[in-house]
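Residue numbers run from 1 in the order of the sequence given. If you're wondering where the values come from, they're calculated on a predicted model, not measured in any experiment.
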Amino acid sequence: MEVSTRYPHVIIVRLAPEILLKSPTTRRKFQKHLYENLIKGLRTQEIDFEILNHEGRMQIHTSDQEKALDVVSRTFGISSYSPIDKIIDGGLEAHKVAAVELYKDLVANKTYAVRIKRLGRKKKHSSVEMEREIGGMLNKYAKKVDLSNPEVMIKADVAGDLAYFYTKKIPGPGGFPIGIQGKALTLISGGFDSVVAAWYLMKRGALNDFVFCNLAGAAYERMVLEITKVLCDRWATGTRPKLYCVDFEGVIDNLRANSDPQYWQVILKRQMYRAGCEIAKRIGAEAIVTGEALGQVSSQTLSNLNTIDQVADVPVLRPLIGFDKEQIISDARMIGTDKLSEKIPEYCALNKRRPATKSARKNITEAELSMDFNILTEAVDNAKIYDMFNVNDQDVAQHSVFIEEIPSNAIFIDCQPESLYDEWHIAGAENYNAGQLANKMKTFVKTQPYVLYCPYGTQSAVFAERMQKAGYEAYSFKGGIKQLKRMYPNGAELDDE
């Protein structure tokens, strides 16, 4: 007979193998942490549920299977999970009858196999005996038994006279429950690398807070806030991460005015490390995490990483150090942040000339002597703090900068690289990079609106915001180049008329 429960749906959750290899005391500690994370995650879905804890697995009984499965699929520490089709009591004879009722239509004209897992010490029948008996009942409906590659796999976990029937065994994210390994602080830029690095630390059980060193204003901050929000909503089940936003505008101005341009990239990274380490100490984080991969950019050579590490007084973790970009982007796609990260422009390139790929700690320390480190301290002290699960749509809204409808009297500014500008641009649009725009802005009129555009609408958002601060009515076109080309298919040709 079918067992009735308080809730219509049951999900079996299996612990990651690494947890099961721990000593009994440690295993129970990890399982308790996973149990608590699942409770917190399920509560956010506002559904009714109950979790039954067993050795090496759990059962989630719930009123909403779809929402519960979504939480389970993004909770670290889970090896696999299965939505249960039915729980049947009554022993082998009842199990045989139930298997026919459940699966005779599913196996019709298909190959199939039956797999039984026995739980507990009291076993009336062996797994093989039960597989043969239940399979024999289904033979008349199916094409044939195929033990190696069946079209339908019927499974049941059997404990005493109870059988939990299911056909799906879905891989979980694995790893350890978040929080079991203490707290880390990730230096996040919104690009692919730092997001993926944070995810890997979360998967290994570390609580993650985030620090963002803002190089380009409020529009950039909102982009990073949105990406961090997606990462936390999807993967930080059972935790409450914070994002610390540090305004680096003054830090960069000080760096440019008082240090050698060839070392700007290395010194900038050292300043970011200093900010991260200071915040880590304040919040009790035991390490800072970066998305650096060896040789990916000039500051990530072994020589420069060694120089940058000098200023870190907490451990620096680099989970992506041996990854290539293709692998990182693939991971970002799985995590769910790739589409947002690909729109983040490169803001760290302070010097267009070839930056130093080698550095010595002594030389860089000397190059920093004229800098005012009180500016960095003040920036850290004034960091803006976001509780990621309190962040709402208004916090990431970009309506004040972005525009979708173009005013009839708008003046266009093209923010593409010069080579792309030559390929296509809107008739009459002038092409400026950041430095050129800053120098030219004083000659602009304030009687007409400006619409700026770039490939994705992100770089232009930063420029538009700077113009707004200077008193201009300026906007970034939200659709980017792709949408503009639909609106102005012959944009470049009009210049020649």
Side-chain angles (χ1 to χ4, degrees), residues 184-198 208-229 231 241-259 263-283 285 287-292 296-300 304-305 307-314 316-318 320 341 344-351 355 364 368 371-386 388 434 458-459 461-462 465-466:
L185 181 71
T186 295
L187 298 175
I188 192 162
S189 67
F192 298 104
D193 305 347
S194 57
V195 173
V196 174
N208 241 308
D209 283 337
F210 305 87
V211 58
F212 166 53
C213 298
N214 190 354
L215 311 179
Y220 183 24
E221 181 177 306
R222 285 192 293 268
M223 285 186 258
V224 173
L225 182 61
E226 182 178 11
I227 290 170
T228 310
K229 172 71 172 170
L231 173 65
K242 289 184 172 61
L243 172 66
Y244 297 81
C245 294
V246 182
D247 185 351
F248 252 50
E249 183 177 357
V251 176
I252 292 174
D253 290 343
N254 179 243
L255 181 158
R256 287 181 182 274
N258 296 292
S259 63
Y263 296 132
W264 280 352
Q265 301 302 129
V266 175
I267 294 174
L268 174 62
K269 274 299 187 68
R270 283 163 64 103
Q271 293 291 70
M272 290 179 173
Y273 274 39
R274 289 180 174 111
C277 288
E278 178 58 31
I279 292 174
K281 287 182 286 186
R282 294 182 185 186
I283 66 174
I288 61 172
V289 182
T290 79
E292 290 155 333
Q296 191 172 116
V297 295
S298 64
S299 64
Q300 295 175 22
N304 284 341
L305 290 175
T307 301
I308 295 165
D309 273 354
Q310 181 185 22
V311 304
D313 51 7
V314 299
V316 179
L317 305 181
R318 299 184 175 98
L320 310 185
S341 288
I344 297 290
E346 176 56 63
Y347 291 115
C348 292
L350 302 182
N351 181 14
I364 299 300
E368 293 176 336
M371 293 173 56
D372 183 357
F373 287 93
N374 290 325
I375 295 173
L376 177 64
T377 301
E378 185 178 351
V380 171
D381 289 341
N382 293 320
K384 192 184 301 182
I385 305 172
Y386 292 97
M388 294 314 301
T458 49
Q459 183 81 51
V462 176
E465 191 164 54
R466 291 176 183 172

For the residue pair [X] and [Y], what are the closest heavy atoms and their distance?
X	Y	value
Pro241	Phe210	CB-CE1, 4.0 Å
Val195	Gly191	CG2-O, 3.4 Å
Thr186	Ala198	OG1-CB, 3.7 Å
Ala379	Val251	CB-CG2, 4.4 Å
Ala285	Ala184	CB-C, 4.0 Å
Leu185	Gly276	CD2-O, 3.2 Å

Counting distance only, does the side-chain N/O of [X] pair as donor-acceptor with the main-chain N or O of [Y] below 3.5 Å?
X	Y	answer
Arg318	Ala197	no
Ser341	Gly190	yes
Asn304	Val266	no

Gap between atom [atom2] of [Y] and atom [atom1] of [X] - 0.5 Å precision:
X	Y	atom1	atom2	value
Ile288	Arg274	CD1	CZ	11.5 Å
Ile308	Gln265	CD1	CD	9.5 Å
Lys242	Ile283	NZ	CD1	8.5 Å

If you apply the rule side-chain contact (heavy atoms from CB on, under 4.5 Å), what do you find for Leu268 with Leu215, and how did you get there? CA-CA 10 Å; Leu268 174 62; Leu215 311 179; 4.2 Å; yes
[Y] and [X], any side-chain heavy atoms less than 4.5 Å apart:
X	Y	value
Tyr244	Val380	no
Met272	Val211	no
Asp209	Ile279	no
Thr290	Tyr273	yes
Thr228	Tyr386	no
Leu225	Met388	yes
Cys277	Asp313	yes
Trp264	Ile252	no

Residue set satisfying ring pair (Phe, Tyr, Trp, His ring centres under 6.0 Å) with Phe248, at least two apart, ordered chain then number -> none
Report the C-alpha separation of Thr307 and Arg270 in whole Å, then their side-chain angles, then the decisive distance to 0.1 Å, and conclude whether the side-chain contact (heavy atoms from CB on, under 4.5 Å) test is met. CA-CA 8 Å; Thr307 301; Arg270 283 163 64 103; 3.6 Å; yes
Practice task
Could you walk me through whether Asn254 and Phe373 pass side-chain contact (heavy atoms from CB on, under 4.5 Å), step by step?
Solution key: CA-CA 9 Å; Asn254 179 243; Phe373 287 93; over 6 Å; no
Answer yes or no: is there an ion pair linking Arg282 with Glu278, defined by an N-O contact shorter than 4.0 Å?
yes
*Hey, mind stepping through Leu243 and Ile188 against side-chain contact (heavy atoms from CB on, under 4.5 Å) and telling me if it holds?*
CA-CA 9 Å; Leu243 172 66; Ile188 192 162; 4.0 Å; yes
Heavy-atom neighbours of Gln310 CD exceed 12 at 6.0 Å: yes
Hey, is NZ on Lys384 packed in by over 12 heavy atoms from elsewhere, all under 6.0 Å?
no
